[in-house]
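First the structure, in the form of structure tokens, and then the observations on it.
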Amino acid sequence: MSETPPNTLQYRFDGPEEAPVLILGPSLGTTWHMWDRQIPELTKQWRVFRFDLPGHGGAPAYPAGSVGELTTRLLATLEGLGVPRFGYAGCALGGAVGIELALRHPERLASLALIAASPRFGTADEFRQRGVIVRTNGLDPIARTAPERWFTGGFAAAQPAITEWAVQMVRTTDPGCYIASCEALASFDVRPELGRVGVPTLVLVGSDDQVTGPAEARTLVAGIPDARLAVVPGASHLVPVEQPAAVTDLLVRHFSTAWQPVFETSTGQNALPAAALKPVLSPAPPQPPQTGPVAEISPAAVPSQAQGRPDPYDAGIKVRREVLGDAHVDRALAQADEFSGDFQEFITRYAWGEIWDRPGLDRRTRSCVTLTALVAGGHLDELAFHTRAALRNGLTPGEIKEVLLQAAVYCGVPAANSAFKVAQQVIREETTPQD
């Protein structure tokens, strides 16, 4: 395991070598041990493959900043082991990897289970804010609050040893890899693509999950053509840990009855299982009448220019949201009217689409340049939200301080004095863990 190369993942096998392979993918902040209580039963039928995320569970700390990159590393690991095809069950971030496999590499996947998963995990702002907190305070604040996100209150109180185990799992994770995993979740959004998931899918969720709960599960079921819903009562986010017997039973039934056969090489076609082979699961609980669309499908972007290079507006709005945050951009666009709307379009297209999206400088460097220019111009309102942007772009409070000290020499002490007051307030707000 210590020799795991950067393009693969730390892993372990359990179960008979001749059995079909079933992969179990972990949640952010956990290790493969979150699946320990499923192993005795699952290994009766499958060779179970578990992996650790980078920097988790003692795995080498090679950060992966996207779900696609994690999926690529998983496939590279399986290629080296000679595993061509497999079933896959993943929890939360592990579930995102499962969706990515189904969308980009369907020929490898025989069946899929998505646990505490979502086609989009909250908002990008939430996960980037978590990265700012970890970068400034380390993982201890996240570790201390993990049990309340992962378990119901009754379970956490009745199982202090498991609760402490959960805290220690997070606390011993590599901070840089945790931040990269937050970025992976921040940028993950496959809502428009769910209809292309073509393997039998079990969507499993705890009834009390406040992170990715039944609403997100129903969005997956509504979007995936061959999906069944199972709601586990009395469980929160880490449902395989909190209700291991129920989860194990559901996984056994799903993968025993919904294992899509391999492509037939002579015809290039895939023989789909008969309807009777679909998993027999408990029916979903009654749902309230829908007041809007279950799955939000984003329309494909239509270029505004029929010819020539693409309009930079689409790239600009994406970069602007990633750097400044959805809340700030939504507020700015909502306040635009007939008088100011053209200006908002102008800065989105040219400042963000033309300049911030250029590959010549990384975003950390662009933040340093921007902060210095704003100090020189005395633009304190802009300095406030660009200080937030600098934190989101990876600058630490110490590095922001160095930028302002440098600016004091070349832009003047009075300007830097005002800038320090603004930046100090922003950093306090952004790096103080929320109760």
Side-chain angles (χ1 to χ4, degrees), residues 1-2 9-12 14 24-42 48 50-61 89-95 115-117 121-122 126-127 129-182 185 204-213 232-248 431-435:
M1 295 179 188
S2 62
L9 297 173
Q10 178 170 286
Y11 69 91
R12 67 173 291 167
D14 295 279
L24 302 179
S27 175
L28 172 62
T30 72
T31 72
W32 63 44
H33 290 295
M34 68 165 283
W35 298 103
D36 279 353
R37 295 175 74 181
Q38 278 72 46
I39 295 303
E41 191 66 30
L42 293 181
V48 178
R50 288 183 282 172
F51 65 91
D52 278 328
L53 298 167
H56 291 59
C91 183
L93 178 52
I115 301 166
F121 290 80
E126 293 170 9
F127 284 100
Q129 174 67 17
R130 193 185 297 186
V132 169
I133 291 173
V134 173
R135 194 175 290 113
T136 306
N137 301 285
L139 275 164
D140 189 64
I142 304 296
R144 284 187 282 105
T145 58
E148 63 193 57
R149 292 192 304 275
W150 289 355
F151 307 126
T152 59
F155 179 86
Q159 300 287 345
I162 293 179
T163 301
E164 180 58 25
W165 162 81
V167 170
Q168 292 305 319
M169 263 197 308
V170 180
R171 189 171 279 150
T172 55
T173 299
D174 176 78
C177 289
Y178 189 95
I179 292 168
S181 295
C182 287
L185 287 171
L204 193 158
V205 65
S207 61
D208 300 328
D209 189 344
Q210 301 300 309
V211 181
T212 48
V232 178
S236 186
H237 191 57
L238 275 196
V239 56
V241 176
E242 191 162 5
Q243 294 289 349
V247 170
T248 301
T431 62
T432 300
Q434 301 298 310
D435 296 328

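Contact between Ala246 and Val232 at its shortest, heavy atoms only, is CB-CG1, 4.0 Å. Residues Pro147 and Val167 share a closest heavy-atom pair of CG-CG2, 3.6 Å. Pro26 and Met34 get closest at one heavy-atom pair: CA-SD, 3.8 Å. A pairwise comparison of heavy atoms in Ser27 and Leu53 identifies O-CD1, 3.7 Å as the closest pair. What you find for Asp52 and Ala59 is that their closest heavy atoms are CB-CB, 4.1 Å. Scanning all heavy atoms of the two residues, the minimum distance from Ser207 to Gly234 falls at OG-N, 3.1 Å.
Here the CZ atom belonging to Phe51 is positioned 12.0 Å from the OG1 atom belonging to Thr31, to the nearest 0.5 angstrom. Interatomic distance, Arg171 CZ to Asp140 CG, rounded to the nearest 0.5 Å: 4.5 Å. The distance from atom CZ of Phe155 to atom OG1 of Thr163, rounded to the nearest 0.5 Å, is 6.5 Å.
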**Request:** Would you please test Val48 and Trp35 for side chain to side chain contact (heavy atoms under 4.5 Å, CB included) and show each step?
**Result:** CA-CA 10 Å; Val48 178; Trp35 298 103; over 6 Å; no
**Derivation and outcome, side chain to side chain contact (heavy atoms under 4.5 Å, CB included), residues Tyr178 and Leu139** = CA-CA 9 Å; Tyr178 189 95; Leu139 275 164; 3.6 Å; yes
**Test side chain to side chain contact (heavy atoms under 4.5 Å, CB included) applied to Gln243 and Thr152, step by step** = CA-CA 11 Å; Gln243 294 289 349; Thr152 59; over 6 Å; no
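For Thr172 (side chain) and Met169 (main-chain N/O), a donor-acceptor pair under 3.5 Å exists by modelled atom type. Between the Gln210 side chain and the Asp208 main chain, a donor and an acceptor come within less than 3.5 Å of each other. Of the possible polar contacts, none joining the Arg37 side chain to the Pro244 backbone as a donor-acceptor pair under 3.5 Å is found. Of the possible donor and acceptor atoms, none in the side chain of Gln38 sits under 3.5 Å from a partner among the backbone N and O of Val247. Side-chain atoms of Asp174 do not come within 3.5 Å of backbone N or O of Pro54 as any donor-acceptor pair.
Residues Gln10 and Trp32 form a side-chain contact, since some pair of their non-hydrogen atoms from C-beta on lies under 4.5 Å apart. Between Phe121 and Glu126, the closest side-chain pair of non-hydrogen atoms is not below 4.5 Å. In this structure, the side chains of Ile39 and Leu24 come closer than 4.5 Å at one or more pairs of heavy atoms. Taking the side chain as every heavy atom from C-beta outward, Val239 and Asp209 never approach each other to under 4.5 Å.
Partner Leu28 forms a side chain to side chain contact (heavy atoms under 4.5 Å, CB included) with one of Leu185, Val170, Thr173 and no other, that one being Leu185.
A donor atom on one side chain and an acceptor atom on the other are not found under 3.5 Å apart for Glu242 and Ser236.
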